2 protein chains.
Amino acid sequence: MARRDSTLRIETDCSACPIRHRAVCAQCEPDELSVLNDIKTYRSWKAGETVVMEGEPLDFAASVVQGCATLTRSMEDGRTQMVGLLLPSDFLGRPGRDRTAYQVTAATDLTLCMFRRSAFEALLRDTPHVADRLLEMALDELDAAREWMLLLGRKTAREKVATFLLMILRRATLDGGPARAELPITRDAMATYLGLTIETVSRQMTALRRDGVIATDGLRGISTADPGLLAEAAGEDADGAPIV
Amino acid sequence: MARRDSTLRIETDCSACPIRHRAVCAQCEPDELSVLNDIKTYRSWKAGETVVMEGEPLDFAASVVQGCATLTRSMEDGRTQMVGLLLPSDFLGRPGRDRTAYQVTAATDLTLCMFRRSAFEALLRDTPHVADRLLEMALDELDAAREWMLLLGRKTAREKVATFLLMILRRATLDGGPARAELPITRDAMATYLGLTIETVSRQMTALRRDGVIATDGLRGISTADPGLLAEAAGEDADGAPIV
DNA sequence: CGTGGCTTTGAAACGGGTCAAGACTGGTGG
DNA sequence: CCACCAGTCTTGACCCGTTTCAAAGCCACG
């Protein structure tokens with residue numbers, strides 16, 4: 001899993017940061033950035049490692065710099081639902097609360113840009129650009145969570161899998177590249193995200209491939225020749241954004 | 001449905017507002033309140049009326065003063081999922097975006113305290129107390145949405161219904177009153193919220209009553225003698241807040 | 001005393017879960 | 001270089017919970 005062939009040397013200078021323009025610091029001016037620069041620290045986890053356990057203290061806020069983290073919520077008997085998938089530039093943490101309701105796990109090798117919670121809360125008070133951006137990001141997350149509620153409550157297994165693949169292709173293909181991507185998570189994690197079992201995910205992947213909706217390249221690589229077909233399989237509105 | 005026997009005369013003065021201490025204006029000082037006072041307007045809808053259609057312009061932000069509104073998201077073929085249930089003090093609107101992705105419907109007779117979008121956005125810039133509170137509320141909504149994802153993805157029909165009833169009882173029984181409440185929505189709306197069919201909701205309500213977990217009083221009234229039993233039926237962690 | 005909307009109940013069908021093998025992949029050590 | 005192994009994924013057969021389809025009951029209201 002440690003496929004970190006290009007271990008991109010993390011810059012300590014914010015202005016060269018790969019997520020600079022999309023993260024919680026996106027709207028900061030140079031002087032604000034230098035404040036951030038002074039209080040941030042980087043930390044990395046290997047794929048599979050736990051970042052924080054459900055219900056434990058979370059004494060930092062952070063941005064995903066590189067890799068993929070998952071948020072999951074579990075019931076006593078072990079049933080588990082993923083409630084968030086954090087990709088580079090996404091935010092982790094909950095200002096005003098000192099523990100997390102979710103288990104945070106590194107799905108791939110992961111690097112976070114972290115701030116102590118107290119320092120970050122001071123930042124929120126003093127730096128409107130950070131608070132504004134955080135509100136914007138929280139509202140985007142809320143929209144995404146609600147979109148996922150529609151998927152979990154009403155979509156069929158086939159539509160669920162197709163929707164997930166489409167989302168990954170869209171996030172990977174930011175500016176009109178080819179519709180091809182590496183899945184950042186295992187089948188198991190996909191099942192946890194989609195409210196399915198791993199067997200059902202596997203069967204639907206096979207069915208979508210058999211039907212010519214997607215092509216696979218190894219276990220993790222996916223692509224689609226006809227994004228419209230995939231969007232249709234995902235049960236998307238015809239007027240939905242025809243990206244990818 | 002127009003059971004508005006106590007048509008509480010809405011005060012125009014914020015300081016006497018029933019949701020004053022929990023809404024987006026909760027942290028405002030007297031002088032800030034007077035600014036709000038000047039730009040707000042009230043508007044009411046009858047049960048069943050549509051406030052805004054999915055995808056239409058939403059040129060205001062608002063707080064629920066009285067009644068209950070629902071947010072729903074639909075697919076082309078008509079499948080519908082409720083993604084939010086707004087009770088008094090809850091916030092409606094999306095600063096920074098001019099249209100809504102959800103259909104907003106009055107589930108009961110409804111009164112909103114509204115602000116023009118532009119005026120509200122100005123308020124956000126000038127009144128940190130409002131912006132702070134809005135961020136806090138957005139993060140609470142996000143937690144609630146994620147909790148609902150666990151329900152939609154992993155809970156059984158019986159657990160879903162029990163969870164909903166428990167949530168209603170908890171919100172109605174704010175400070176240790178008896179565990180009794182009126183359901184603010186129809187069976188149909190419950191089904192839409194829980195990702196079930198109306199028939200399944202009805203069957204599970206019957207089963208919970210038969211099993212002595214709840215008692216019903218007419219179609220809308222519910223109560224429970226043993227909140228622990230209901231929490232268990234809802235699949236809650238033993239260490240979950242034992243409220244109600 | 002109908003009428004229409006909402007709710008309950010029943011019987012049958014079906015989608016996804018469960019259980020159980022088996023196949024593929026990448027890494028390790030002989 | 002190949003055999004082995006553990007982890008991951010795929011496939012098959014069967015089962016069960018929820019949906020679907022259909023009909024009847026209840027209630028408020030005119």
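Model, not experiment: these values are computed from the prediction. Chain letters run A, B, ... following the sequence lines, proteins first, then strands; residues in each count from 1.
- The stretch residues 148-165 of chain A does not touch DNA chain D, since none of its heavy atoms comes less than 4.0 Å from the strand.
- In this structure, OG in A:Ser63 is found 8.5 Å from CG in A:Leu112, a value given to the nearest 0.5 Å.
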What are the atom names and distances for every N/O pair under 3.5 Å that joins the protein to nucleotides 2-4 of chain C?
none

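- Side chains of A:Thr80 and A:Thr192: a donor-acceptor N/O pair is absent below 3.5 angstrom, by distance only.
- The distance from atom CD of B:Glu147 to atom CG of B:Leu142, rounded to the nearest 0.5 Å, is 12.0 Å.
- Taking atom CG on B:Leu219 and atom P on D:dC26, their separation rounds to 12 Å, with Å as the unit.
- Atom CE of residue B:Met82 and atom OG1 of residue B:Thr105 lie 8.5 Å apart, to the nearest 0.5 angstrom.
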*Could you walk me through whether B:Ile19 and B:Val64 pass the side-chain contact (heavy atoms from CB on, under 4.5 Å) check?*
CA-CA 8 Å; B:Ile19 59 169; B:Val64 175; over 6 Å; no
*salt bridge (Lys or Arg N to Asp or Glu O under 4.0 Å) evaluation trace for A:Asp140 with B:Arg97*: CA-CA 11 Å; A:Asp140 283 344; B:Arg97 194 162 298 177; 3.1 Å; yes
_Residues A:Arg99, A:Asp59; criterion salt bridge (Lys or Arg N to Asp or Glu O under 4.0 Å); working and verdict_ = CA-CA 7 Å; A:Arg99 42 190 67 232; A:Asp59 57 353; over 6 Å; no
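- Across the protein-nucleic acid pair, A:Ile185 atom CD1 and D:dC9 atom P stand 10 Å apart, rounded to whole Å.
- In terms of the ring pair (Phe, Tyr, Trp, His ring centres under 6.0 Å) criterion, B:Tyr102 has no residue partners (sequence neighbours excluded).
- At its two ends the helix from C:dC1-D:dG30 to C:dG30-D:dC1 runs along axes set 30° apart, each axis drawn from five pairs and the angle rounded to 10°.
- Atom OG in B:Ser223 sits 6.0 Å away from atom CZ in B:Arg180 (nearest 0.5 Å).
- The stretch residues 202-214 of chain A touches DNA chain D through A:Ser202, A:Arg203, A:Thr206, each having a heavy atom under 4.0 angstrom from the strand.
- Other residues, nucleotides and ligands place no more than 12 heavy atoms under 6.0 Å from the CD atom of A:Glu232.
- Of all the residues in residues 187-201 of chain B, B:Gly195, B:Leu196, B:Thr197, B:Glu199, B:Thr200 reach under 4.0 Å from DNA chain D with at least one non-hydrogen atom.
- A salt bridge is absent between B:Glu54 and A:Arg146; no separation between the charged side-chain nitrogens and carboxylate oxygens falls under 4.0 Å.
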*Evaluate the side-chain contact (heavy atoms from CB on, under 4.5 Å) criterion for residues B:Asp211 and B:Arg158: first the C-alpha distance (whole Å), next the side-chain angles of each, then the deciding distance (0.1 Å), finally the verdict.*
CA-CA 12 Å; B:Asp211 298 347; B:Arg158 181 186 174 94; 2.9 Å; yes
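- The distance from the CZ atom of A:Arg209 to the CD atom of A:Gln204 is 12.0 Å, given to the nearest 0.5 Å.
- Looking at every heavy atom in both residues, A:Gly67 comes nearest to A:Leu110 through C-CD1, 4.1 Å.
- The distance from the CZ atom of A:Phe164 to the CG atom of A:Leu183 is 6.0 Å, given to the nearest 0.5 Å.
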